[in-house]
Protein chains: 2
Amino acid sequence: MVMSTKKTGRESAAPGAAVGDSPIARLCVKHGLKMTGQRRVIARVLSEAEDHPDVEELYRRASELDSRISVATVYRTVRLLEEKGILERRDFGGGRARYEASENGHHYHLIDIDSGNVIEFENDELVGLLARIAAELGFDLMSHRAELFGRRTTSGKKKDAPPGAGGENDSSPGRA
Amino acid sequence: MVMSTKKTGRESAAPGAAVGDSPIARLCVKHGLKMTGQRRVIARVLSEAEDHPDVEELYRRASELDSRISVATVYRTVRLLEEKGILERRDFGGGRARYEASENGHHYHLIDIDSGNVIEFENDELVGLLARIAAELGFDLMSHRAELFGRRTTSGKKKDAPPGAGGENDSSPGRA
DNA sequence: ATATCTGCAAAAAGTTTGCTCTACG
DNA sequence: CGTAGAGCAAACTTTTTGCAGATAT
């Protein structure tokens with residue numbers, strides 16, 4: 001098992017994309033999408049996001065970088081990227097869809113039911129098992145999610161708890 | 001892996017509840033809720049549901065039994081029962097919330113992303129793995145959920161397809 | 001050149017709510 | 001009886017869309 005480390009940096013340039021483009025912008029190019037100014041900004045915001053922003057939040061962040069962007073465009077972009085498999089839509093309740101880059105790798109959430117902290121983790125064994133289950137039911141697994149709700153073990157038998165890897169503390173709480 | 005078998009039957013009567021009441025109606029009484037005619041009907045519809053109806057579908061089914069029911073009441077009831085822990089709200093994409101009785105026991109969902117159909121399954125191996133993961137992170141697993149989003153395998157290489165056990169055929173298709 | 005994309009504003013779609021009247025306990 | 005609940009319609013929230021003008025390739 002591996003605790004997630006989100007990558008925000010950029011790799012080498014790709015043909016057809018401007019050199020400063022974000023990873024997601026390059027994916028857009030690869031998928032044959034036109035790279036408008038707005039789209040480039042939204043792609044960058046998405047690439048740099050370390051949380052799970054909803055459309056409103058994406059709009060806010062994108063607007064800071066370039067005010068000539070409308071919500072409708074964010075909605076359209078996010079939908080387009082989801083269809084291309086570049087983005088994944090998440091539903092943590094609260095009525096609005098939230099997004100994260102597929103390239104961030106699949107990770108899961110363990111929620112500490114006492115503190116509310118969210119711990120992200122990856123687990124290849126889990127991916128494999130879920131894919132196998134889907135296959136047994138006659139499906140190709142396109143995406144999936146798993147959320148664990150747990151309580152710290154009282155005994156100090158904890159095996160693995162990387163210090164800074166814990167609570168992500170996303171912005172939007174449920175509609176309490 | 002075991003396909004689920006929902007229980008729809010009724011147990012013995014409870015004090016304070018009318019004899020013909022559905023299991024969920026009895027839970028309502030137990031929680032101190034007034035049992036109006038409408039609520040009783042909605043409770044019954046929920047108790048008898050073997051799928052994951054959204055509000056519109058609940059409204060349709062309830063209206064068939066008693067036409068004096070409004071959508072607003074369905075919304076209110078469903079929300080109330082969720083707060084009481086009697087119902088669980090599910091988000092399978094497609095924009096609408098869907099509900100199922102908590103008493104139906106633990107199972108997982110595989111959503112056909114093309115049709116919106118939901119297949120339920122149980123899997124002990126999955127439970128074990130998730131518990132182990134939680135333990136490795138220093139937690140006792142209190143509850144969890146897993147949802148798979150898949151697409152029917154094009155090739156006929158399906159391994160395991162119990163003829164009548166599969167497609168539950170929930171009503172709402174994704175927003176295709 | 002031209003198909004794609006954007007902004008704007010209007011419209012959908014889903015859900016909540018204020019108010020008044022009804023009816024459960 | 002008193003208060004939770006129901007109906008109705010209007011309000012809200014989130015997301016989609018039609019159209020005219022802009023722009024990347």
Side-chain angles (χ1 to χ4, degrees), chain A residues 14-18 21 25-26 28-43 53-60 62-63 66-84 87 89-99 172 174-176, chain B residues 15-18 21 25 28-43 53-60 62-63 65-84 87 89-99 116 171-176:
Chain A
D21 273 359
R26 281 203 280 270
C28 289
V29 173
K30 206 173 297 180
H31 281 265
L33 301 177
K34 282 190 183 177
M35 282 315 294
T36 65
Q38 296 90 324
R39 192 167 286 172
R40 203 184 312 276
V41 168
I42 295 170
D54 55 35
V55 168
E56 194 185 345
E57 178 63 21
L58 288 173
Y59 175 54
R60 181 160 29 243
S63 297
D66 184 342
S67 59
R68 307 167 304 174
I69 289 178
S70 74
V71 227
T73 297
V74 178
Y75 272 106
R76 277 191 275 232
T77 302
V78 120
R79 192 189 199 184
L80 192 62
L81 298 203
E82 195 203 348
E83 279 163 11
K84 295 290 186 185
L87 274 191
R89 188 213 313 244
R90 297 265 166 210
D91 237 315
F92 291 155
R96 41 239 281 177
R98 297 167 63 171
Y99 294 87
S172 347
R175 52 124 193 225
Chain B
D21 272 359
C28 289
V29 174
K30 205 173 299 181
H31 282 264
L33 301 176
K34 280 191 184 176
M35 284 315 294
T36 64
Q38 294 89 325
R39 190 167 286 172
R40 203 185 311 275
V41 168
I42 295 171
D54 55 33
V55 168
E56 194 186 343
E57 179 63 23
L58 288 174
Y59 175 53
R60 181 161 29 245
S63 297
L65 300 179
D66 183 341
S67 59
R68 308 165 303 174
I69 289 178
S70 75
V71 226
T73 297
V74 178
Y75 273 105
R76 277 193 272 233
T77 301
V78 121
R79 193 189 201 188
L80 191 62
L81 297 203
E82 194 203 349
E83 279 162 12
K84 295 291 185 186
L87 273 191
R89 186 214 314 241
R90 301 270 173 214
D91 221 319
F92 294 154
R96 39 240 280 179
R98 297 165 65 171
Y99 295 87
S171 42
S172 349
R175 51 120 192 234

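Here is the naming used below: chain letters follow the sequence lines, and residue numbers restart at 1 for every chain. For clarity, every value in this text was computed on a predicted model and none was experimentally measured.
- For B:Arg90, the side chain to side chain donor-acceptor pair (under 3.5 Å) partners at least two apart in sequence or on another chain are B:Glu88, B:Glu100.
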>> Set out, in order, the CA-CA distance, both residues' side-chain angles and the distance that settles side-chain contact (heavy atoms from CB on, under 4.5 Å) for B:Thr77 and B:Gln38, then state yes or no.
In response: CA-CA 9 Å; B:Thr77 301; B:Gln38 294 89 325; over 6 Å; no
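- For B:Ala43, the side chain to side chain contact (heavy atoms under 4.5 Å, CB included) partners at least two apart in sequence or on another chain are B:Ser22, B:Ile24, B:Ala25.
- Atom-to-atom distance recorded for A:Tyr75:OH and A:Ile42:CD1 is 12.5 Å, nearest 0.5 angstrom.
- Listed for the A:Arg26 side chain is a donor-acceptor partner under 3.5 Å among the backbone atoms of A:Asp21.
- Using a 4.0 Å cut-off between charged side-chain N and carboxylate O, B:Glu57 and B:Arg60 make a salt bridge.
- Under the rule for a side chain to side chain donor-acceptor pair (under 3.5 Å), the partners of B:Thr73 that lie at least two apart in sequence or sit in another chain are B:Ser70.
- Distance B:Glu83 CD to C:dT16 P: 10 Å, rounded to the nearest Å.
- Per the geometry, CZ belonging to B:Arg96 stands 14 Å off C1' belonging to D:dT14, to the nearest Å.
- Checked against D:dT15, C:dT15, C:dT17, the side chain of A:Tyr75 finds its nearest nucleotide in D:dT15.
- With hydrogens and angles ignored, the 3.5 Å screen pairs a side-chain donor or acceptor of A:Arg39 with a backbone N or O of A:Lys34.
- Between the OH atom of B:Tyr99 and the C1' atom of C:dG14 there is a distance of 11 Å, rounded to whole Å.
- Heavy-atom distances to DNA chain D give each of B:Ala72 and B:Gly32 a nearest nucleotide, and the one nearer the 5′ end belongs to B:Gly32.
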> Going through the checks in order, is the side-chain contact (heavy atoms from CB on, under 4.5 Å) test met by A:Arg96 and A:Val55?
Replying inline: CA-CA 8 Å; A:Arg96 41 239 281 177; A:Val55 168; over 6 Å; no
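- In this structure, B:Leu80 atom CG and C:dT15 atom P are separated by 17 Å, rounded to whole Å.
- B:Leu58 has its CG atom 14 Å from the C1' atom of C:dG14, to the nearest Å.
- Taking a pair as Watson-Crick or G-U wobble with both distances under 3.5 Å, the runs of three or more consecutive pairs in DNA chain D are C:1-25 with D:1-25.
- Look at CG on B:Leu81: it is 13 Å from C1' on D:dG5, rounded to the nearest Å.
- When rounded to the nearest whole Å, the span between CD of A:Glu56 and C1' of D:dT13 equals 10 Å.
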> What is the per-nucleotide protein-contact pattern of nucleotides 19-25 of chain C, from the 5' end, where B denotes a base atom under 4.0 Å from a protein heavy atom, S denotes such proximity for sugar-phosphate atoms only, and - denotes neither?
Replying inline: -----BS
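- Here C:dT4 presents its P atom at 16 Å from CZ of A:Arg79, a figure rounded to the nearest Å.
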